[in-house]
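Notes to accompany the following structure.
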Amino acid sequence: MKLVILDRDGTINHDSDHYIKSLEEFRPIKGSLEAIARLTQAGYRIVVATNQSGISRGLFTTRTLFEIHDHLQRAASQAGGRIDAFFFCPHADAAKCQCRKPAPGMLLEVARRFNVSLEDVYMVGDALRDVQAAAAAGARPVLVLTGKGKKTHDEGKLPPGTQVFPDLAAFAEHLAP
């Protein structure tokens, strides 16, 4: 099975230092929905794996998160794509859980549920914790320069083998020419 795991905020949609707390704050990055469609049409299954500590901080509810993900699912579908599953960590850093990226738990759960080895699975994100989680889980780390990506790239602490693309659209074009 061909599978790509995507971070959400900063990779698919514009990020905010104040969190994406409502459907009104959710704005796709130009070309990201088309990128999901391109990958879907090339036979890839798409999974979103996202840290959402705003839930534990009381900034928004799980119900609101599901509304945002339903909206994203519909928008991807309208563009010709499909998102097969959403995985999220609701915990804050202080919880020291194994599902919050950069810990590999969420990605390992994706592998378990989809019954795949992560060695040929790309994990695409804009933050150091995304590519660190990919490396820790044995997936293929990809950094996009949207969101926090440019700052992350300039800091130069990427795991070995991390591929870098300007945005999700460029990654999709590379993977599914």
Side-chain angles (χ1 to χ4, degrees), residues 3-40 44-57 59-79 81-93 97 99-111 113-114 121-134 137 139-152 165-172 175:
L3 180 72
V4 173
I5 302 170
L6 303 176
D7 172 53
R8 195 190 83 182
D9 300 335
T11 302
I12 298 173
N13 58 282
H14 292 279
D15 201 356
S16 167
D17 289 337
H18 305 289
Y19 302 87
I20 305 301
K21 303 177 294 300
S22 68
L23 192 51
E24 294 73 35
E25 294 175 352
F26 183 87
R27 295 178 304 116
I29 293 171
K30 184 178 188 217
S32 66
L33 298 174
E34 295 79 6
I36 291 169
R38 183 179 206 139
L39 292 168
T40 300
Y44 285 90
R45 300 199 58 189
I46 307 298
V47 171
V48 173
T50 178
N51 287 350
Q52 292 295 326
S53 67
I55 293 171
S56 66
R57 297 170 198 269
L59 300 174
F60 55 91
T61 64
T62 304
R63 182 181 190 155
T64 299
L65 180 69
F66 290 168
E67 289 171 359
I68 293 168
H69 288 172
D70 286 347
H71 173 76
L72 173 54
Q73 179 71 278
R74 285 192 305 276
S77 179
Q78 288 172 350
R82 183 183 68 246
I83 298 171
D84 292 282
F86 290 88
F87 289 74
F88 68 96
C89 169
H91 308 114
D93 261 343
C97 65
C99 57
R100 184 173 173 76
K101 297 177 286 181
M106 198 173 354
L107 304 186
L108 296 174
E109 182 63 16
V110 170
R113 294 236 194 126
F114 281 82
V121 172
Y122 293 92
M123 167 64 209
V124 183
D126 70 308
L128 182 59
R129 67 179 168 251
D130 298 318
V131 293
Q132 287 173 330
R140 300 176 75 171
V142 175
L143 180 74
V144 289
L145 300 179
T146 49
K148 297 175 183 73
K150 182 157 179 18
K151 181 177 184 273
T152 300
F165 293 91
D167 55 22
L168 187 55
F171 167 74
L175 199 57

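In what follows, residues are counted from 1 in the order of the sequence shown. No experiment lies behind these values; they were computed from the predicted model shown.
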Minimum heavy-atom separation for C97 and A103, please, with both atom names. O-CB, 4.1 Å
Using side-chain heavy atoms (C-beta onward) and a distance below 4.5 Å, is V121 in contact with L107? no
I'd like to know if the side chain of T146 reaches the main chain of D167, judged simply by a donor and an acceptor atom lying under 3.5 Å from each other, with no hydrogens or angles considered. no
Sequence neighbours excluded, which residues qualify as side chain to side chain donor-acceptor pair (under 3.5 Å) partners of D93? R100
Of all pairs that satisfy side chain to side chain donor-acceptor pair (under 3.5 Å), the ones with a partner from residues 60-71, not counting sequence neighbours: R8-H69, T61-T64
Under the rule for side chain to side chain contact (heavy atoms under 4.5 Å, CB included), what residues qualify as partners of P90, not counting sequence neighbours? I55, F88
To the nearest 0.5 Å, what is the distance between CZ on F26 and CD1 on I12? 6.5 Å
Donor-acceptor check, side chain of N51 to backbone of K101, threshold 3.5 angstrom: yes or no? yes
Contacts of type salt bridge (charged side-chain N to carboxylate O under 4.0 Å, His left out), residue R140, not counting sequence neighbours: none
Sorted by chain and residue number, the side chain to side chain donor-acceptor pair (under 3.5 Å) partners of T11 (sequence neighbours excluded) come out as D7
D9 meets the side chain to side chain donor-acceptor pair (under 3.5 Å) criterion, sequence neighbours left out, with N13, Q52
Taking the side chain as every heavy atom from C-beta outward, state whether I29 and L168 have any pair of such atoms under 4.5 Å apart. no
Which pair of heavy atoms, one from C99 and one from C89, lies closest together, and at what distance? SG-SG, 3.3 Å
Of all heavy-atom pairs between R113 and F87, which one has the smallest distance, and what is that distance? NH1-CE2, 3.9 Å
L6 versus T50: any side-chain heavy-atom pair under 4.5 Å? no
Hits for side chain to side chain contact (heavy atoms under 4.5 Å, CB included) against L108, two or more places apart or cross-chain, chain-then-number order -> P104, L118, A137
Heavy-atom pair with the smallest gap, counting every atom of S53 and A92: CB-CA, 3.8 Å
Got a sec, which residues hit side chain to side chain contact (heavy atoms under 4.5 Å, CB included) with R38, two or more places apart in sequence or on another chain? A172, E173, A176
Checking side chain to side chain contact (heavy atoms under 4.5 Å, CB included) for the pair D84/F114: CA distance, chi angles, key distance, verdict? CA-CA 10 Å; D84 292 282; F114 281 82; 4.2 Å; yes
Hey, what do you get for CZ (F86) to CG (L72), rounding to the nearest 0.5 Å? 4.5 Å
Partner residues of D126 under the side chain to side chain donor-acceptor pair (under 3.5 Å) criterion, sequence neighbours left out: none
Could you list all the side chain to side chain donor-acceptor pair (under 3.5 Å) pairs where at least one residue sits in residues 24-35, not counting sequence neighbours? K21-E25, S22-E24
Check ring-ring contact (aromatic ring centres under 6.0 Å, His included) between Y122 and all other residues, then give those that pass, not counting sequence neighbours. F171
Do the side chain of T40 and the main chain of I36 share a donor and acceptor less than 3.5 angstrom apart? yes
A127: which residues meet the side chain to side chain contact (heavy atoms under 4.5 Å, CB included) condition with it, sequence neighbours left out? R129, D130, K148
Nearest non-hydrogen partners of M123 and A49, listed with the distance: CE-O, 4.5 Å
